[in-house]
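Remember, it's a predicted structure, so these values are computed and weren't measured experimentally.
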Amino acid sequence: MITAVARLLLVGSVALLPLNGTAQEQPPIYSNRDIEKYKLPSDARPVERSKQTTREDRKTDARAAKDNLERERWCKRTTAQKKKIEKARHDIQMTEKAIRREEEKNFRGTKKSRQLQDRLEQDKRKLAVAEEELNDIEHEAHRREIPPGWLRCQVD
């Protein structure tokens, strides 16, 4: 009888002890209840772009487009004025050359040399007017707080 009780205790103790190494361990399984324990209050809000952000983006894009058009307008104005100045300088140089050639031919003042002198004075007045107009454009841009790079057609 003692051996039967000893066997029963041995079988009972072996049955109650977990068997290590004989069975494979299962990975832990988590449910939504387990996840909710660690959830933050900020996690409840959905992450989406609001309509205000989209409006602000559109306003920013519209401002950028308006700035680009304004930059182009100032660039075109100053470029056209600089071309007028260059043309007036070229005309002055050509008239001065014509005067020198006419003076080499004839030392006395002729009707043609007087006409060339008058044309030279007109060209110099045109140059002065064109330079004054460019100066006015630059002052206007300064008053309107236009960046100087816009007048020189420099893109940032």
So, using side chain to side chain donor-acceptor pair (under 3.5 Å) as the criterion, who are the partners of E86 when residues are at least two apart? R89
Under the side chain to side chain contact (heavy atoms under 4.5 Å, CB included) rule, what do Q81 and E131 come out as? Steps first, then yes or no, please. CA-CA 8 Å; Q81 198 60 37; E131 287 176 341; over 6 Å; no
On a heavy-atom basis, which atom in T95 and which in L116 lie closest, and how many Å separate them? CG2-O, 3.4 Å
Please indicate whether N32 has more than 12 foreign heavy atoms, meaning atoms of other residues, nucleotides or ligands, lying under 6.0 Å from its CG. no
Kindly compute the distance separating CG (L127) from NZ (K84), expressed to the nearest 0.5 Å. 12.5 Å
Are E138 and L151 side-chain neighbours, meaning at least one heavy-atom pair lies under 4.5 Å? yes
Nearest 0.5 Å, what's the NZ-CD1 distance between K97 and I92? 13.5 Å
In terms of hydrophobic clusters joined by side-chain contacts under 4.5 Å, are I85 and I137 together? no
Are any of the side-chain nitrogens in R73 or E70 under 4.0 Å away from the carboxylate oxygens of its partner? yes
Sorted by chain and number, sequence neighbours left out, side chain to side chain donor-acceptor pair (under 3.5 Å) with N68 holds for R71
Compare all side-chain heavy atoms of T79 with those of C153 and state whether any distance is below 4.5 angstrom. yes
Charged N to carboxylate O under 4.0 angstrom, D91 versus K87? yes
Salt bridge flag under 4.0 Å for residues E140 and R77: yes
Find the distance between CG (D118) and OG (S113) and round it off to the nearest 0.5 Å. 9.5 Å
Determine whether W74 and R152 make a side-chain contact, defined as any pair of heavy atoms from C-beta on separated by less than 4.5 Å. no
Minimal non-hydrogen separation, D123 against A88, with atom names: O-CB, 4.5 Å
Atom CZ of R119 and atom CD of Q117: how far apart are they, to the nearest 0.5 Å? 11.0 Å
Reported CD-to-CD distance for the pair E104 and E102, which is rounded to 0.5 angstrom: 10.0 Å
